[in-house]
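Shown next, in structure tokens, is the structure this report addresses.
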Amino acid sequence: MDVPLPHLDRPFDYLVPEALDADARPGVRVKVRFAGQLVDGWLLERAEASEHPKLAYLEKVVSPVPVLSPEVARLARAVADRYAGSLADVLRLAVPPRHARAEKAVTAADAPPSADADADADADADADADADADADARVGGRAEVDPRGWRDYPAGPALLRALTDGKPARAVWSALPGEDWADRYADAVAATVAGGRGAVVVVADARDLDRLDAALTAVLGAGRHVRLTAADGPARRYRAFLTARTGEVDVVVGTRAAMFAPVRRLGLVAIWDDGDDLHAEPRAPYPHARDVLLTRAQLGDVAALVGGYARTAEAQLLVETGWAREVVADRAVVRARTPAMAPTGDDPQLARDPGAASARLPSLAWTTARDALRADLPVLVQVPRRGYVPSVACADCRAPARCPHCAGPLALPSAQGTPACRWCGRVAAAYACPECGGRRLRASVTGARRTAEELGRAFPGVPVRTSGREEVLAGVPGGAGLVIATPGAEPVAEGGYGAVLLLDSWALLTRADLRAGEEALRRWMAAAALARPGTAGGRVVVVADGALAPVQALLRWDSAWFAARELAERRELGFPPAVRMASVTGVAEAVADLLAGARLPGEAEVLGPVPAEEGRERMLVRVPRSRAAAMAEALHAAAGQRSARKAADPVRLQVDPLTLF
DNA sequence: ATAATAACGAGA
DNA sequence: CTCGTTATTATC
């Protein structure tokens with residue numbers, strides 16, 4: 001039933017009229033009369049009999065195409081259960097809205113639609129038998145895939161072999177700097193396809209998708225895979241979905257819209273850069289692409305690949321629990337591939353170099369950039385997105401406002417608030433600018449454009465490009481040039497950057513967020529990975545204290561170490577992913593009402609409340625991971641009770657919310 | 001939303 | 001004890 005009310009989150013029985021018998025197959029969309037009105041629904045299964053005494057008739061089969069595959073139906077139920085949500089909510093994410101014209105085009109191109117649907121349903125029902133038959137057929141004639149770049153990782157070639165053999169290998173991959181991750185993912189997919197199975201690969205954004213798409217076309221040839229992303233529009237999206245559903249192709253790549261893609265004989269699920277927050281679905285029940293894919297792997301005896309330059313605490317947990325094996329390069333290889341890295345303070349002798357002073361660059365950053373440009377190599381400068389951090393500057397002379405006690409950056413908690421130090425927390429009530437004596441402050445982050453202008457002046461005659469929110473560059477040529485980019489928008493440079501400067505890093509590190517360190521490291525590594533190796537002159541300068549753990553992890557290119565540390569700390573503090581948390585958000589009475597009605601497991605702790613957006617508050621429920629299912633069920637049931645008695649104020653339930661504070 | 005049903009209380 | 005009204009609950 002396509003109604004999101006939690007108390008109606010169960011199947012209902014209907015009679016199938018004679019006229020609809022042929023079309024009424026599991027997986028089709030239907031319309032039924034429910035509580036007096038026509039509502040949309042899903043036909044989950046056919047049965048001979050029903051417990052229910054008085055059945056109504058199915059009103060209509062919307063389309064005879066069984067868009068919901070049995071595998072995805074099972075997955076959607078599991079995802080709903082994990083996230084304390086309703087099946088209907090998950091199905092809305094899993095099956096794109098129908099586009100009649102696209103449907104007509106695809107089914108007309110195929111063999112007779114009904115016969116095709118038959119074969120398809122059978123293939124799904126007998127997936128295991130199918131795989132066995134395939135394995136037999138392959139014996140002797142299996143094509144080995146060249147492991148290429150995977151040879152740099154001791155466990156790499158074995159991973160590819162396992163994929164071709166159809167074994168449910170699970171890997172957490174830490175990519176080397178300079179690694180062409182898209183080629184490696186294409187290799188993994190090719191290995192899976194060589195074994196006669198399909199794959200689903202999820203990336204964070206359109207740029208990563210374009211890159212992967214191209215790599216797959218190069219390895220598999222055209223027409224063997226399909227891209228599935230909401231950004232391509234409803235018609236293309238639905239068309240791509242149907243191409244996969246009918247089994248025309250069995251490799252689907254896309255953004256998180258693809259995480260539920262129906263793929264025949266699925267053999268591999270993969271996600272790149274699982275720390276990117278774009279992988280978190282913003283619509284109820286807020287599932288995370290990594291978790292959906294891992295659930296899929298778990299349910300279906302499917303291999304899983306979780307990769308990135310940086311490792312998340314969640315991926316580290318997979319390694320530590322033994323659920324997945326890590327695929328990492330030896331230290332010697334890491335050292336050989338890593339650019340030369342150095343930290344530098346916001347240094348006081350900044351004024352000595354006239355060029356550096358005008359660009360407000362620490363002198364080490366300035367000389368590093370200058371040397372790279374002289375060697376006719378491109379330079380990447382990573383600056384935070386404007387508005388990302390409300391730092392504060394003197395309204396008169398634009399000098400950054402610093403804490404009188406510790407020289408940390410000041411920030412304004414709100415537009416009218418008193419500035420406070422982001423480092424030591426002291427309130428600077430009577431601030432006076434040490435440069436000009438001004439007493440007025442303005443919130444500002446030097447955005448990419450402003451930085452570009454300043455750097456252009458510091459390095460006259462050098463072409464300056466910016467890549468950010470409005471315009472994201474995919475790549476830049478190899479010669480001398482400056483590239484100013486916000487995190488996530490760094491273009492790839494031909495041959496690699498001669499220098500990468502990571503500026504304003506305090507802005508990333510001092511965010512009041514559980515993941516601040518992890519996120520800073522992830523962004524730095526993504527940028528540093530684009531530099532040439534140190535042996536080829538590549539250098540990275542990070543403007544941050546070299547003693548800080550995330551900075552250390554960057555300098556040693558060891559995000560596994562950092563992730564292990566991070567996970568240990570979260571265990572200590574009782575934070576995810578060491579425990580399972582859920583947040584309950586709404587007006588105070590509604591939140592209290594829901595929690596009062598929830599039969600939470602005995603180990604559950606209820607924390608809060610903390611104020612949330614306008615007039616609402618937020619409570620957190622924490623349980624050990626072993627009780628996660630019980631907590632989700634209790635919260636879903638409590639939400640059901642409330643919706644059944646039509647409680648007025650809505651409450652938002654979120655399991656594993658991305659931000660906790 | 002809306003209909004069936006249970007619960008309740010007043011009046012006979 | 002019955003009828004009419006109102007809260008509750010299920011909706012195939």
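In what follows, every chain begins at residue 1, and chains take the letters A, B, ... in the order their sequences are listed. This one's a predicted model, so the numbers in the text were calculated from it and none came from an experiment. Basis for what follows: all heavy atoms, side chains included, without hydrogens, waters or symmetry-related copies.
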Next on the checklist: Need one value for A:Leu15: base, sugar-phosphate or nothing, where a base atom within 4.0 Å counts as base even if backbone is also close, heavy atoms only.
Outcome noted: nothing
Item to check | Residue pair A:Asp81 / A:His636, side-chain donor-acceptor N/O under 3.5 Å | outcome: no
Checklist entry - Would you say the side chain of A:Leu91 lies within less than 4.5 Å of the side chain of A:Asp2, judging by non-hydrogen atoms? => result no
Checklist entry - Can you tell me if CZ on A:Arg101 sees more than 12 non-hydrogen neighbours from other groups inside 6.0 Å? => result no
Checklist outcome for this item: With a 4.0 Å cut-off (strictly under) to non-hydrogen atoms of chain A, the first and last hit nts on DNA chain B, 5' to 3', are B:dA1 to B:dT2
Item to check | Pairwise side-chain hydrogen bond (donor to acceptor under 3.5 Å, both in side chains) hits with a residue in residues 620-630 of chain A, at least two apart | outcome: A:Glu605-A:Arg622
Output a table of nitrogen or oxygen pairs between the protein and nucleotides 5-10 of chain C separated by less than 3.5 Å.
none

Item to check | Donor-acceptor pair, side chain of A:Tyr185 and main chain of A:Ile271, under 3.5 angstrom | outcome: yes
Item to check | Under 3.5 Å: donor-acceptor pair, side chain of A:Arg265, backbone of A:Gly196 | outcome: yes
Checklist entry - Does A:Ala315 offer a backbone N or O that forms a donor-acceptor pair with the side chain of A:Thr312 under 3.5 Å? => result yes
Next on the checklist: Taking A:Arg92 first and then A:Asp89, would you say they form a salt bridge - that is, a charged N and a carboxylate O separated by under 4.0 Å?
Outcome noted: yes
Checklist entry - Which whole-number value in Å describes the distance from A:Glu51 CD to C:dT11 P? => result 14 Å
